[in-house]
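Remember, it's a predicted structure, so these values are computed and weren't measured experimentally. Each chain gets a letter, A, B and so on, in the order the sequences are listed, and its residues count up from 1.
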Amino acid sequence: MNTNEKVFEVRTNRLGRFELYQNGKLVQKVCRTCGKVKLASEFLRYTQGHYRPDCHECFNKWQRKYIQENRDLRTVYRQRNRAREVGAPDNYNLEDYLELKAFANGRCMISGKKTDNLQVEHVQTLSKRVLGSTKGNIILVCEEVNQAKRDMSLFEFLQSERSRGLVDREQLERTIRYLADANGMTPQEYLDFLYRAEELAKDIKEFFENENKAN
DNA sequence: ATGGTGGATCAAATAGTCTT
DNA sequence: AAGACTATTTGATCCACCAT
């Protein structure tokens with residue numbers, strides 16, 4: 001008897017669904033969700049090698065929905081990942097973000113403007129690598145403020161022309177109190193802290209510039 | 001071109017549950 | 001209790017927008 005002979009075998013999985021094997025390898029399988037018989041290659045596999053119960057298409061659909069329903073979580077991941085990329089602190093979490101959203105209550109934390117498009121904003125930009133994505137360094141602002149501030153730290157922004165007409169004094173004070181609190185400091189301590197963080201960022205930048213020259 | 005943001009998608013990793 | 005299986009979470013990327 002030829003040992004290369006193709007041996008087909010029909011099995012039913014735990015849920016009684018059809019699976020077709022050839023020489024012990026899965027060839028076809030029924031998708032749990034759409035119920036269609038599909039090639040094994042149309043199913044993604046887990047890292048451990050098991051096939052997913054849903055076909056690729058149905059898994060993608062499920063995942064889309066999941067992502068829609070967990071947008072806040074995604075926002076948090078993104079900010080964490082971005083911080084990590086530049087080697088900055090990255091311990092921001094969902095709880096921090098939800099608390100921040102509740103605090104902002106639909107208003108820009110700089111201009112006080114009411115908006116349904118609040119964006120995450122780093123008080124000290126990520127590229128400076130010192131404060132990163134941490135609770136005391138992230139606020140929510142309206143699009144205008146975000147665009148205007150861009151690569152400035154909050155205090156550079158406040159001192160620059162770009163902030164003209166975009167700052168509500170009272171709101172700013174509330175925000176600083178919030179940030180100070182998040183860092184377990186008094187507002188004055190917090191401002192000093194931020195100043196030192198900026199100085200540190202400058203030193204780091206210089207260090208790397210010199211490093212590059214040397215090479 | 002660059003550096004900040006958000007939205008979406010894809011696939012892999014991890015966490016958790018069920019069976020035996 | 002281990003291993004088979006599934007549910008959920010995370011990382012990586014690509015795209016668009018906006019103002020220097």
Report task. Scan Asn70(A) against the nucleic acid and name what it touches under 4.0 Å (heavy atoms): base, sugar-phosphate only, or nothing. Result ->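 No contact.
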
Query raised in the report: Does the cation-pi check pass for Arg52(A) over Tyr46(A), that is, NZ or CZ under 6.0 Å from the six-membered ring centre and within 45° of its axis?
Result: yes

As a test of reading the structure: which of [options] is closest to the side chain of [X], going by heavy atoms?
{"X": "Asp151(A)", "options": "dT6(C), dG3(B), dA12(B)", "answer": "dG3(B)"}
{"X": "Arg74(A)", "options": "dT13(C), dG4(B), dA12(C)", "answer": "dA12(C)"}
{"X": "His50(A)", "options": "dC5(C), dA12(C), dA12(B)", "answer": "dC5(C)"}
{"X": "Arg32(A)", "options": "dC10(B), dT6(C), dG6(B)", "answer": "dT6(C)"}
{"X": "Arg150(A)", "options": "dG11(C), dT8(C), dG3(B)", "answer": "dG3(B)"}

Query raised in the report: Between Arg78(A) (CZ) and dG11(C) (C1'), how many Å, whole number?
Result: 12 Å

Report task. May I have the distance from Tyr66(A) (atom OH) to dT14(B) (atom C1'), rounded to whole angstrom? Result -> 12 Å

Just to confirm, is there a sub-4.0 Å distance from OP1 or OP2 of [N] to any side-chain nitrogen or oxygen of [X]?
{"X": "Arg82(A)", "N": "dG11(C)", "answer": "no"}
{"X": "Asn60(A)", "N": "dT9(B)", "answer": "no"}
{"X": "Gln79(A)", "N": "dG6(B)", "answer": "yes"}
{"X": "Thr75(A)", "N": "dG6(B)", "answer": "no"}
{"X": "Arg71(A)", "N": "dA8(B)", "answer": "yes"}

Query raised in the report: Of the residues in residues 154-163 of chain A, which ones touch DNA chain B at a heavy-atom distance under 4.0 Å?
Result: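 Here the set is empty: none.
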
Requested in this report: May I ask you to list the residues of residues 86-102 of chain A, by number, that have any heavy atom positioned under 4.0 Å from an atom of DNA chain B?
Outcome: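 Within residues 86-102 of chain A, no residue comes under 4.0 Å of DNA chain B.
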
Query raised in the report: Got more than 12 heavy atoms from elsewhere within 6.0 Å of CD, Glu69(A)?
Result: yes

Report summary line: Between Asp90(A) and the options Arg84(A), Gln79(A), Arg80(A), the side chain to side chain donor-acceptor pair (under 3.5 Å) test singles out Arg84(A)

Requested in this report: Please name all residues satisfying side-chain hydrogen bond (donor to acceptor under 3.5 Å, both in side chains) with Tyr178(A), sequence neighbours left out, ordered by chain then number.
Outcome: Glu99(A)

